[in-house]
Every structure is written in C-alpha cells, then in structure tokens.
Amino acid sequence: MAGLAVGCGGSDGDGGKDDAKPAPTGPEQSPKPDASSTLPASLTSQKLDWGGCKATGGDPAPGSEWQCSTLKVPLDYAKPDGETIDVALIRARSTGEGKRIGSLLFNFGGPGGSGVSMLPSFADMYDTLRERYDLVSFDPRGVAGSEGVRCRSDKETQAAESVDLTPDTAAEEAAYFKDAADFGAGCARGSGKLLSHVSTVEAAQDMDVMRQVLGDDKLHYMGISYGTELGGTYAHLFPKKVGRLTLDAVVDPSADSVGHAKNQARGFQRALDNYLKSSGQDPKAGSQKIVRLLKRLDAEPLPGSGDRKLTQSLALTGITVTLYSKQSWPALTRGLEQAEKGDGSALLQLADAYNERDPSGRYSTQSHSQRSISCRDTTARTTPAQAKQQLGEFREISPVFGEFMGWDTAGWCHSWPVAGLHDSPDVSAAGAAPILVVGNTGDPATPYEGAQKMADELGKGVGTMLTWKGEGHGAYGMGSDCVDSTVDAYLLDGKAPKDGKICS
C-alpha cells in the first residue's frame, strides 16, 4: 500500500494540456464544518453511469464484478456553479450475504495513490466487509484517472535519477534545488489551474458529494496512511455525516512538514533496527555498514540493469520499500548482499517497484500527484540554509535515513508555484460518531505515535484507539485476527471497542 513520500518519481508522458503557469495563490480559509450543503442539485443528485472498467496504470482491466464511473465535482468549491472536473470511481456491489449497510469508501494512501487500480488488487482482504457493503474507491482530484497532474516526462524522470539527493558540494546542492524547481515548474505547465485545486480539503469535499450521490446518509470509510489524514479532514468538515470511519496506519495530524520528516526518519530507522535484530545483527553496527555502502554508492554508483546505475538515492529507495512489510525483509537481505558484492541490480529493481517504473522505462504519475497535493496542503517552505542547520539532528535520529529526510524538507516544495493552505490539518470532529483509530507499533512510514495524536485531536468520545504490536505499514489484513475481528465488528455491527484496546 502506498505510504508517505520517500522521494521523487516520474511521469508517463509529457503532460502539457495547459501551458499557462497558474498564479501563486495565498492560503485560504478552510470551509466551516458542514458548510458544503449549498452545492447545486445537478451535482448532489447526479446519476452515475456505471459500466465496465478499463485497464489502468499498466494493470489489466479488473473482472466483470467491477464497475467504473465518473463523478462531477466543482473545480473550485468557492464557485459551486462553475467549472467542474471528473473524479474516477470504481465499485464492487455487495455480495448480499448480509443486510446491506451502504457503500464503504476506501483511500489507500499516498497522497496520490489510485484507488481505481488499487481496490481490485486488495479486494480479497475485504470479502467479509463486502457481505454488507458495496466496496468503493476513487482517484482523488489530481490523481491518475481524475484529471491527474503531470509534471515531467519519462526521459526527464530517468535523467533526474542521477541527481544527488544528499548533496555534498555546492555544485551538487545547486543541481538538487534546480531539479526541485524544475519539477514544480513542470507541474505548473502540465496541470494549469488544477494545481491550485488538489488539496486534501477539496478531496474531502469531493467525498461528501460521493456520499450523497451513492445514496448514503452517513459516510462509511476506511482510510490507510495518507487516507487517515483525508478521513480526519472529512470528519472535521462534516462531523454530523460521519458513519463508521476506520483510520489505519495513521499520519500524525499535529506535525508540520519537518515533524513528518522526523517521524518518518524515526519510523524507518526503527523498522530497519527490527530487521537487523531479526537477522542476528547489532542494529548500530548493521546501520553503519549500510551507511558505508551508501557512501560508496555516492562516490561511485554500481552497475544495475542495462546502462542504468544504482545510485545512493536509488539504493536508499530500494531499502526503504522493503521496510513497509516484514514479508519483504528477505528481499532486503538479497539486495544488500548483492550490492556488497558489486551488483546493484536487486536494489535497483526494488527502487523501480517503489517508483512504479516498468521495464520499458515508463513511470506512473503517483509521485507527481503526491508532491502536488502535499505542497498545496502545507505552508512550510524550508530554506536550504534551514535544512542544512537541522541535518545533524536528522542524522542523530537516523544514521541511514536522516540526511535524506533532512534535505527533503527543503527540496520537496522548493520554489513551488502554488502557496500552501496550513501548517497542519485540523481534524477536530466534535459531535461526530466514534471513529476507530488503528496504530501499529512497528509501522515505519506512519509511526505509532501519530495514531494517538489523531485519536486525541479528533476529540473526546470520538477518537477510539486500537493498538497492534506488529510490524509493517498498517494493521488490518496484516495477520492479526484480533485487529481484523475488532475492525469488522465496528464496520459491520457498529461496535466500537473500548478505547485503548491492545492486540499483541
């Protein structure tokens, strides 16, 4: 499942439907809770034309049980009668083995993950829930089939793989920030005015249009990773419309962009330490061995595949992706062992999987959407000088991931053409029904501490905490009968567990 950003990726084309650069826009006031009831009936009462689904993102078309459609929503909610955009939807109807509750909406993370392509891939995990729900997901605005943003070509993406993401010299630093600025400029050229309207707040407003059009009085929802931020934002905007919401692999809503980077550095280092312990290695010594490998790659990349090289940055990406699941740890062992012997192909293959690069050299646009959404959301614009000042703290948090995360705080939204909306999202949801918040103590991408912050910020009597002492990104469907049965009881029967329940 998609997690938070761990680097920059590529595109599947040249973009360019609108060459006009959007004017930078200032922070806007978020709509007041339950304030979007003024939408025209042409949107809230629209009839969806469900039909067969097409192949997406290089994946084959899903089976006949799946139906796809498009939903019209306002480009700008401040102008509800104005221009509209399409949001791509997918669903599988309830199997009818129990009394149907309604639709269960999914967001699998990112930001930038395509729910249209991901839901069929994970649907087997949700067979029990499908007995009483239609399973529904979507590509959020700016993502894939929903008029997704485009920022650079495949050729430009592959060329950018040579950029050093932990610059050591003035020349490398200049190249790093030039590439970051070029990325944002490409998003502006390729996406036009859409770039100013891809925020999480607007995606949450889109979800309320979905709720109405799907015929549900309340929104039932499962959000994973970034999907928890989206779900928390929905609960804040529409507390009276909250049905049964589950938030799993929880993003810390109290953290700003630097705080998120520190959280992730801490989380991935924690997961790496657990991996090293499992293989009989001392975490400190094992981490230093990896640091030495990365330094050698920084000086001289290894042969990878064809004429492509394994750079330091690609190796770090390959290491990172294996920490999302304990089942991937053997792949990390193989990758590290081969790299120590001078063969970078295994780690490069892992990095390509994370960056969604196919063998022909085509990249998905998830990283374009991810960066565009997160830079629209956050007001933070860390300067290069500020990033350099905090590198020592980042290295102390994580010798392996810290330096990369520290530089990323400045590079991610450097020279971004659209201003951000807030320091951190407001997820307070007074008056909402209980929301189930699931935290995994071994989660690398969204460390466990963020789940408790989410439960607290949702408010007393709303955020209900469930803890799993496990490994990997997320908890539901990861092997814990305790977690799965607790979540199922909540979603199917409305039985929220006692706040603070622990599954070991």
Where do Ser372 and Cys151 come nearest, in terms of heavy atoms and distance? OG-SG, 4.2 Å
Does NZ or CZ of Arg152 come closer than 6.0 Å to the centre of the six-membered ring of Phe183, within 45° of the ring's axis? no
Kindly say whether Ala475 contributes a backbone atom to a donor-acceptor pair with the side chain of Asn440 at under 3.5 angstrom? no
So do Tyr363 and Gln158 actually touch side chain to side chain, heavy atoms under 4.5 Å? yes
Side-chain contact, heavy-atom cut-off 4.5 Å: Pro399 with Gln288? yes
To the closest 0.5 Å, what do you measure between CZ (Arg376) and CG (Leu194)? 11.0 Å
Evaluate Thr379 against His422 for side-chain hydrogen bond (donor to acceptor under 3.5 Å, both in side chains), listing each step before the verdict. CA-CA 5 Å; Thr379 55; His422 47 59; over 6 Å; no
Quick check: closest heavy atoms across Gln312 and Asp164, and the distance to 0.1 Å? OE1-OD1, 3.6 Å
Check: Asp484 side chain, Gly477 main-chain N or O, donor-acceptor pair, under 3.5 Å: yes
Side chains of Gln67 and Ile90: closer than 4.5 Å at any heavy-atom pair? no
Counting only N and O atoms by type, is there a donor-acceptor contact under 3.5 Å from the side chain of Arg357 to the main-chain atoms of Arg362? no
Flag, side chain of Arg93 to backbone of Tyr133, donor-acceptor distance under 3.5 Å: no
For a quick check under 3.5 Å, do Asp377 and Ser374 share a side-chain donor-acceptor pair by atom type? no
Cys413/Thr378 under side-chain contact (heavy atoms from CB on, under 4.5 Å): CA gap, chis, key distance, verdict: CA-CA 9 Å; Cys413 297; Thr378 180; 4.3 Å; yes
Taking 4.0 angstrom as the limit, do Asp352 and Arg308 come out as a salt bridge? yes
CA sep, side-chain torsions, deciding dist, call: Ser325, Gln327, side-chain hydrogen bond (donor to acceptor under 3.5 Å, both in side chains): CA-CA 5 Å; Ser325 170; Gln327 284 67 41; 2.7 Å; yes
Would you check if the side chain of Tyr448 reaches a backbone N or O of Lys469 as a donor-acceptor pair within less than 3.5 Å? no
State, to 0.1 Å, how close Ser287 and Val400 come at their nearest heavy-atom pair, and which atoms those are. O-CG2, 3.8 Å
Does any non-hydrogen side-chain atom of Phe138 lie less than 4.5 Å from one of Leu71? no
Ser369 and Gln366: side chain donor to acceptor below 3.5 Å: no
Side chain to side chain, Trp329 and Asn274, heavy atoms closer than 4.5 Å: yes
Just checking, is any N or O donor in the side chain of Tyr275 or Thr322 under 3.5 Å from an acceptor N or O on the other one? no
Can you check side-chain contact (heavy atoms from CB on, under 4.5 Å) on Ser137 and Val116, steps first, answer last? CA-CA 6 Å; Ser137 194; Val116 171; over 6 Å; no
Identify the two heavy atoms, one from Thr228 and one from Met454, that lie closest to each other, and give their separation to 0.1 Å. O-CE, 3.6 Å
Parallel, tilted or perpendicular: ring planes of Phe401 versus Phe268, cut at 30 and 60 degrees: tilted
Checking Gln281 against Ser279: is there a side-chain donor and acceptor pair closer than 3.5 Å? yes
So, does Thr365 use its side chain to make a donor-acceptor pair with the main chain of His368 at under 3.5 Å? no
Hey, could you give me the CG/CZ distance between Leu350 and Arg334, rounded to the nearest 0.5 Å? 8.0 Å
Check whether any side-chain heavy atom of Leu195 sits under 4.5 Å from a side-chain heavy atom of Val418, and report yes or no. yes
Determine, for Trp66 and Arg91, whether the Lys NZ or Arg CZ falls below 6.0 Å from the six-membered ring centre while staying within 45 degrees of the axis. no
Measure from the side-chain N and O atoms of Arg150 to the backbone N and O of Gly148, and report whether any donor-acceptor pair falls under 3.5 Å. yes
Between Ser424 and Ala255 the two heavy atoms that sit nearest each other are CB-O, 3.6 Å
Taking it one step at a time, do Asn107 and Ile224 satisfy side-chain contact (heavy atoms from CB on, under 4.5 Å)? CA-CA 6 Å; Asn107 181 279; Ile224 301 152; over 6 Å; no
Return yes if some donor-acceptor pair links the side-chain N/O of Ser146 with the main-chain N/O of Gly142 below 3.5 Å, else return no. no
Gap separating the OG1 atom of Thr446 from the CG atom of Asp443, nearest 0.5 angstrom: 3.5 Å
Does Glu161 come within less than 4.0 Å of Lys309, counting only side-chain N to carboxylate O? no
Taking it one step at a time, do Ser367 and Gln370 satisfy side-chain hydrogen bond (donor to acceptor under 3.5 Å, both in side chains)? CA-CA 5 Å; Ser367 63; Gln370 187 174 55; over 6 Å; no
Sequence neighbours excluded, which residues qualify as side-chain contact (heavy atoms from CB on, under 4.5 Å) partners of Ala351? Leu314, Thr317
Does Arg130 come within less than 4.0 Å of Glu65, counting only side-chain N to carboxylate O? yes
Should the pair Phe108 and Tyr126 be assigned to parallel (<30°), tilted (30 to 60°) or perpendicular (>60°) ring geometry? tilted
Only one of Asp488, Thr246, Val438 forms a side-chain contact (heavy atoms from CB on, under 4.5 Å) with Tyr476, so which one is it? Asp488
Which pairs pass salt bridge (Lys or Arg N to Asp or Glu O under 4.0 Å) with one or both residues in residues 254-273, sequence neighbours excluded? Lys262-Glu393, Arg270-Glu449
Where is the tightest heavy-atom contact between Tyr324 and Ala445, given as atom of each residue plus distance? CE2-CB, 3.7 Å
Min side-chain heavy-atom separation Leu165-Val163 under 4.5 Å: yes
Check whether any side-chain heavy atom of Leu104 sits under 4.5 Å from a side-chain heavy atom of Val136, and report yes or no. no
Under 3.5 Å: donor-acceptor pair, side chain of Ser398, backbone of Arg395: no
Any donor-acceptor pair under 3.5 Å linking the side chain of Ser199 with the backbone of Glu202? yes
Consider only side-chain N and O atoms of Gln390 and Thr409, and report whether a donor and an acceptor are under 3.5 Å apart. yes
To the nearest 0.5 Å, how far apart are OG in Ser480 and CG in Leu466? 8.0 Å
